[in-house]
Asker: 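Got a structure for you, written out below as structure tokens; questions coming shortly.
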Amino acid sequence: MNDLEAGVFTDNNHEDRAHGDTPKTAHQISDDSWVHAAAVLITCNNSAYILGYSQSIMVHLGWIAGVVGLFVATALSLYATTLPAKLHQLGGRRHIRYRDLAGYIYGKKGYYILWLLQYLNLFMANIGFIILAGSAIQGVYDLFRDDNALKLSYCNLIAGLACFMFAIAVPHLSALAAWLGVSAFLTAIYVVVALGLCIKDGIKAPARDYSLPGTQVGVIFMMIGSISNLFVPLNPGMIPEIQATLKAPVVENMMKALYVQFTVGVIPISAVTLIGYWAYGSGTSSYLLNNASGPIWAKALANIAAFLQSIINFHIMACPSYEYFDTKYEVKGGALAPKALSFRIKIRGIYLIASSLVAALLPFIGDFIGLIGSICVVPITFVIPNHMYLTAKRNLNSFQKLWHWFNVIIFSILSVAATVASVRLIVIDSKNYKLFGG
């Protein structure tokens with residue numbers, strides 16, 4: 001009998017497994033409704049990243065491939081995210097971390113490989129959130145001062161400090177409940193303002209150029225990268241961690257949250273992406289508000305909202321890392337508990353310093369979207385869940401097995417090809433970049 005059939009975890013040195021069917025954790029779990037999980041998912045997927053999708057997706061795919069790609073990516077992402085959700089209670093126990101599920105199915109090696117991929121994904125996503133927040137700060141500054149004195153690198157450091165202050169005040173994912181309403185309000189601000197300004201500009205603008213920019217070779221590489229970008233806004237890469245916060249029945253509740261995310265939650269993403277491209281064509285900026293013309297107060301308001309919402313999203317994506325350290329060192333307590341507060345200042349401060357420095361060194365929003373999608377999002381959202389499902393479910397028929405293997409192979413090829421395209425783009429953009437000069 002193998003480890004999967006026996007229902008045991010093969011890593012005997014793994015210390016955060018408690019007796020019973022739920023692993024030990026210092027964070028709050030099993031208390032939230034499916035509405036809370038849906039709000040977390042929608043908050044993640046409608047982050048200020050959506051202000052870059054017109055450029056990172058549509059500019060390099062064009063109308064037909066872009067629109068069809070968004071529809072197909074949404075359907076595939078819904079299917080792929082349901083796979084780990086359905087495996088959450090595999091073997092009669094809850095797997096509240098993605099790496100726990102991988103460890104249960106694959107053993108020690110799978111545990112650590114998934115851990116590395118997921119945390120790399122979340123770390124890179126958070127670098128992007130700092131860049132977004134920094135771009136918003138610079139956007140506000142440039143509205144009132146046109147001297148280029150406040151560099152994006154400095155704005156990224158300021159954004160990192162703001163994220164650090166929020167991380168100290170909010171101990172875990174469930175504690176975000178009140179902030180999710182704030183996040184929805186902030187999202188509505190920059191979505192409505194961006195759509196309003198884009199529609200105004202698009203109506204007044206002359207005929208736009210929608211041709212794919214670049215040389216023939218460049219167009220091919222950019223199209224490959226943009227295909228992986230299609231999946232970034234729809235997949236947070238931490239389904240088990242979000243599902244861990246839910247009350248029973250956890251699978252049914254998570255499915256409800258996912259259905260809301262992929263219906264109501266995709267409307268702002270699609271609207272901003274398509275209308276932004278319609279308004280500005282192939283000249284669309286990697287930060288849509290840079291294209292938009294209109295009242296200074298409206299652009300300032302949208303940038304401020306994008307800055308604040310990025311701070312909340314940073315915290316969501318950092319929570320798995322925070323949970324690991326809090327659990328390892330048995331640190332519990334509210335925002336003002338002395339021991340917990342001191343620990344958060346030290347550990348989360350180190351995490352924020354590392355994220356902020358990388359963001360300040362390499363402030364390329366579009367490039368990070370592509371690299372996140374290719375090297376992290378595609379493998380942990382499509383390749384691994386499909387293979388997990390193949391391994392865990394012994395009663396699949398031939399068609400089901402063929403379907404899952406098809407997904408594993410196709411998305412593995414896409415991941416490799418898109419990673420090459422993303423690295424190529426970063427190398428090109430880095431040639432004219434001066435350290436801390438962006």
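The structure presented is a predicted model; accordingly, all values stated were derived computationally and were not measured.
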Asker: Have Y389 and N407 got a donor and an acceptor in their side chains that come within less than 3.5 Å?
Answerer: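 On atom types as modelled, these side chains do not qualify, holding no pair under 3.5 Å.
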Asker: Compute the centroid of each ring, for Y111 and then for Y104, and state whether the two points are separated by less than 6.0 Å.
Answerer: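 Centroid separation for Y111 and Y104: 6.0 Å or greater.
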Asker: For a quick test of reading the model, state the closest non-hydrogen atom pair linking F307 to A162 and the distance between them.
Answerer: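 So the two residues come closest at CZ-CB, 3.8 Å.
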Asker: Could you tell me if Q89 and Q243 have a donor-acceptor pair between their side chains, going purely by distance under 3.5 Å?
Answerer: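 No.
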Asker: Do N46 and T187 get their side chains close enough for a donor-acceptor pair, meaning under 3.5 Å?
Answerer: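 Checked: N46/T187 side chains show no N/O donor-acceptor pair below 3.5 Å.
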Asker: Checking side-chain polar atoms at under 3.5 Å, does S30 have a donor or acceptor matched by the opposite partner on R94?
Answerer: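 There is such a pair (donor and acceptor under 3.5 Å, judged by atom type) between the side chains of S30 and R94.
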Asker: Side chains of T284 and Q55: any donor to acceptor distance under 3.5 Å?
Answerer: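 No, because no side-chain N or O of Q55 sits under 3.5 Å from a partner of the opposite role on T284.
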Asker: Kindly compute the distance separating CG (L132) from CD (Q309), expressed to the nearest 0.5 Å.
Answerer: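 Going from CG on L132 over to CD on Q309, the span is 9.5 Å.
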Asker: What I want to find out is whether R208 reaches D201 closely enough, with some N-O distance under 4.0 Å, to be called a salt bridge.
Answerer: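 Judged by the 4.0 Å cut-off on N to carboxylate O distance, R208 and D201 do not form a salt bridge.
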Asker: Could E252 and K247 be called an ion pair, given the rule that one side-chain N must be under 4.0 Å from one carboxylate O?
Answerer: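 No salt bridge links E252 with K247.
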Asker: Is it the case that the side chains of R99 and Y119 hold a donor-acceptor pair, with the cut-off being a distance below 3.5 Å and no angle test?
Answerer: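 Yes, a side-chain donor-acceptor pair sits under 3.5 Å.
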Asker: Do Q28 and T245 pair up side chain to side chain, a donor and an acceptor below 3.5 Å, judged on atom types alone?
Answerer: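 Side chains of Q28 and T245: no pair found under 3.5 Å.
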Asker: Is the number of heavy atoms from other residues, nucleotides or ligands within 6.0 Å of CZ (F343) greater than 12?
Answerer: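 Yes, the 6.0 Å shell around CZ holds more than 12 heavy atoms from other groups.
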Asker: Do S355 and N126 meet the criterion of a side-chain donor-acceptor pair at a distance under 3.5 Å?
Answerer: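 No, N126 and S355 have no side-chain donor paired with an acceptor closer than 3.5 Å.
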Asker: Could you give the distance from CG (N235) to CG (N45), rounded to the nearest 0.5 Å?
Answerer: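 Atom-to-atom, N235:CG and N45:CG are 7.5 Å apart.
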Asker: Which pair of heavy atoms, one from L61 and one from S226, lies closest together, and at what distance?
Answerer: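 Reported closest heavy-atom pair: CG-CB, 3.7 Å.
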Asker: Does the ring center of Y322 lie less than 6.0 Å from the ring center of H315?
Answerer: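 Aromatic pair counts; centres sit under 6.0 Å.
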Asker: With rounding to the nearest 0.5 angstrom, report the CD1 to NZ distance, I239 to K86.
Answerer: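 The CD1 atom of I239 sits 13.0 Å away from the NZ atom of K86.
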Asker: Classify the side-chain pair Y53/N229 by whether it contains a donor and acceptor separated by less than 3.5 Å.
Answerer: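 Short answer, no.
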Asker: Parallel, tilted or perpendicular: which describes the rings of W179 and F166, with under 30° parallel and over 60° perpendicular?
Answerer: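 Because their plane-to-plane angle is over 60°, the rings of W179 and F166 count as perpendicular.
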Asker: Give, for atom CG of L288 and atom CG of L195, the distance between the pair rounded to the nearest 0.5 Å.
Answerer: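 If I round to the nearest 0.5 Å, the distance is 8.5 Å.
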Asker: Can you tell me how the ring of W403 sits relative to the ring of Y79, calling it parallel under 30°, perpendicular over 60° and tilted otherwise?
Answerer: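 Geometry flag for Y79 against W403: perpendicular rings.
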Asker: So, for P240 and H95, which heavy atoms are closest and what is the spacing to 0.1 Å?
Answerer: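 In this case the closest contact between P240 and H95 is CB-O, 3.8 Å.
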Asker: Only pairs at least two apart or in different chains count here, so list each ring-ring contact (aromatic ring centres under 6.0 Å, His included) that has a residue in residues 226-248.
Answerer: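 Qualifying pairs: F231-F382, F231-F411.
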Asker: Can you tell which of Y351, Y98, W115 makes a ring pair (Phe, Tyr, Trp, His ring centres under 6.0 Å) with Y324?
Answerer: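 Running ring pair (Phe, Tyr, Trp, His ring centres under 6.0 Å) over Y351, Y98, W115 with Y324 returns exactly one hit, W115.
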Asker: Which heavy atom of L51 sits nearest a heavy atom of A194, and at what distance?
Answerer: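 What the structure gives for the nearest pair is CD2-CB, 4.0 Å.
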Asker: How long is the gap from CG on L274 to CH2 on W63, to the nearest 0.5 Å?
Answerer: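 It comes to 5.5 Å.
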Asker: Give the ring-plane orientation class for W405 versus H387, where under 30° counts as parallel, over 60° as perpendicular and anything between as tilted.
Answerer: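 Answer is perpendicular, since the angle exceeds 60°.
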